[in-house]
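Whatever order the structure lists them in is the order used to number ligands and atoms, beginning at 1. Values reported hereafter were calculated over all heavy atoms of this structure, with side chains retained and with hydrogens, waters and symmetry mates removed.
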Amino acid sequence: MTTTNRDTKTILPGATLGVLGSGQLGRMFAIAAARMGYRVHVFSPDAESPAGQVAQFETVADYHDSDAIAKFAKSVDVVTLEFENVPALATETASQFAPVRPSGQVLYNTQDRLREKRFLQSIGIPCTPFAPVSTLEELQDAVETVGAPAVLKTTAWGYDGKGQAKFDTPDQAADAWKQLQQQPAVCEGWVDYECEFSMLVARSTLGEVVSYGPILNHHENHILDFSIYPAPELSKYQTEANEISRAIVEKLEVVGIICVEFFLTTDGRILVNEIAPRPHNSGHLTIEACPTSQFEQQVRAICGLPLGSSEPLVPAAMVNLLGHLWQPNEPNWVAAISDPSVRLHLYGKAEARQGRKMGHITVLADSEAEASRKALDARDVLS
Ligand code: AMP
């Protein structure tokens, strides 16, 4: 049997949803799915994982183990993912037994930064200036094209600033490439931006599209630090950002949910930075702030159910809790949640490494300013 993503048969509660990947996104997906009466089966190489702890079924095996992938896919009604670097072989194998949503083709276009930027360019979407780099000569040409300062990013496996090296002048470019061990890369012009924001867009098997955003994001050391939604200062960019993200899900024929990350430049343009073909850290606040969270929306989209409302009900802010907060002692949870508006989410990770996303806090309040202040205060009292 070969299943297809064009199948519009509704997958009803009681069915089993398969997830490739088992981190915090899979955990929050599994919680949303369980609330709606679905069972969840997660597949990843990691035991004792954040998603495995809350899912009904867990397979611990390598993504290249085709027999294990086939057995997993036969046991579920649909396969989704929470991690974009799933090998193509895994999605191809799984798709012989269950629909994979979003499809391997979506991953193909979004796993590799160069392919992603070429795709955006091909459909006329404004993105950061870029040029491909696979040799020193190409690097020199790239710097001529995009100028300096610039940032060199490996085409594969980059996230949270990993696989990136910024340089300020053309003569520092070769050092940046050495730093990335001369891996194939994209050289991007450095953007002077006012702020960063994201849009989350869900598209169902029936082609229905619903989006959230703009969500205002602030990064520290290339890692998301806090998000605010709604962001009144971005409301005038909402229509354009919506059109861009809708065009992306439609052209890619996404079934599921994606995140489109943007820069708002100091001269008032919006540029796409990157696409994540899954729920996103900046959307965690939708759990409390919206009638339908990004995770429930992913469930609805892949199951062919009607999509839910994404309208924010009240202003919300989310702050990330990274591993360093566990040093030198376990954070003071009691102090942080003594404010009743503080909603604590922890991902069940045993080892609190520096920079590792361990949990987050969301606060709803009467204004965005109050929500952010309370969320930041709650994090401060943790340590
Ligand atoms: P990325 O992994 O591409 O999302 O990059 C991580 C973070 O680095 C972004 O959220 C920005 O804060 C910063 N960054 C990446 N690319 C650029 C750029 N071309 N210009 C300015 N800042 C950038």
Side-chain angles (χ1 to χ4, degrees), residues 23 25 83-85 107 109-121 125-133 139 142-170 172-173 176-177 179-180 183-200 213-229 231 234 237 241 244-245 248 258-284 318-320 322 355-357:
L25 301 175
F83 159 72
E84 60 269 40
N85 285 312
L107 293 190
N109 275 299
T110 53
Q111 274 174 347
D112 176 290
R113 285 191 191 270
L114 185 58
R115 271 201 297 268
E116 180 174 290
K117 287 186 186 295
R118 285 187 166 144
F119 159 73
L120 291 168
Q121 206 173 40
I125 290 197
C127 55
T128 48
F130 72 94
V133 173
L139 175 59
V143 178
E144 297 232 329
T145 312
V146 305
V151 54
L152 208 53
K153 301 180 178 177
T154 53
T155 53
W157 285 99
Y159 68 98
D160 288 347
K162 293 188 175 64
Q164 297 192 13
K166 188 189 171 205
F167 55 93
D168 294 318
T169 57
Q172 294 167 352
W177 202 41
Q179 210 179 307
L180 299 187
Q183 294 177 73
V186 173
C187 183
E188 259 184 58
W190 193 251
V191 176
D192 283 325
Y193 59 83
E194 200 66 56
C195 66
E196 294 181 74
F197 69 89
S198 51
M199 298 290 297
L200 294 157
I215 300 169
L216 181 64
N217 298 323
H218 178 78
H219 293 77
E220 282 292 333
N221 301 321
H222 303 278
I223 302 178
L224 184 67
D225 187 41
F226 64 84
S227 296
I228 300 171
Y229 184 50
L234 293 173
Y237 302 101
I244 289 176
S245 23
I248 295 172
I258 68 163
C259 178
V260 184
E261 294 183 68
F262 291 87
F263 293 119
L264 169 60
T265 65
T266 45
D267 56 1
R269 289 171 301 136
I270 68 174
L271 303 179
V272 172
N273 174 26
E274 62 177 352
I275 306 169
R278 51 168 170 77
H280 190 257
N281 195 167
S282 60
H284 293 354
M318 184 245 27
V319 292
N320 268 338
L322 302 186
R356 191 172 198 206
K357 291 175 181 170

* **4.0 Å heavy-atom contact, Gly189 with ligand 1** => yes
* **Numbering as shown, the atoms of ligand 1 that approach Phe263 to under 4.0 Å (heavy-atom distance)** => 11 (C), 14 (N), 16 (N), 17 (C), 18 (C), 22 (N), 23 (C)
* Report the member of Gln164, His219, His222 with the shortest heavy-atom distance to atom 1 (P) of ligand 1. => Gln164
* Where does Asn217 meet ligand 1, judged by heavy-atom distances below 4.0 Å: at the side chain, the backbone, both, or neither? -> neither
* **Thr266-Asp192 side chain donor-acceptor pair, cut-off 3.5 Å** => no
* Ligand-side contact atoms (ligand 1) for residue partner Glu196, heavy atom cut-off under 4.0 Å -> 9 (C), 10 (O), 11 (C), 12 (O)
* Would you say Gln164's side chain and Thr154's backbone share a donor-acceptor pair under 3.5 angstrom? -> no
* Is any side-chain heavy atom of Phe167 closer than 4.5 Å to a side-chain heavy atom of Val143? -> yes
* Structure fact -> Check: of Tyr193, Phe262, Trp190, min heavy-atom distance to atom 18 (C) of ligand 1 comes from Trp190
* To do: Using distance alone, with no hydrogens and no angle criterion, decide if Thr128 and Glu188 have a side-chain donor and acceptor under 3.5 Å apart.
  => yes
* Asked: For Ser282 and Ser198, does a side-chain donor sit closer than 3.5 Å to a side-chain acceptor?
  -> yes
* Structure fact -> In ligand 1, the atoms that come under 4.0 Å of a heavy atom of Asn273 are 1 (P), 3 (O), 4 (O)
* Asked: Looking just at side-chain N and O atoms, do Asn320 and Asp225 make a donor-acceptor pair shorter than 3.5 Å?
  -> no
* Asked: Counting heavy atoms only, which part of Val191 comes closer than 4.0 Å to ligand 1: side chain, backbone, both or neither?
  -> both
* Asked: Testing Val151, Asn273, Leu271 for side-chain contact (heavy atoms from CB on, under 4.5 Å) with Val191, which one passes?
  -> Leu271
* Check each heavy atom of Glu220 against ligand 1 and say whether those closer than 4.0 Å belong to the side chain, the backbone, both or neither. => neither
* Asked: Is there a nitrogen or oxygen of Thr128 sitting under 3.5 Å from a nitrogen or oxygen of ligand 1?
  -> no
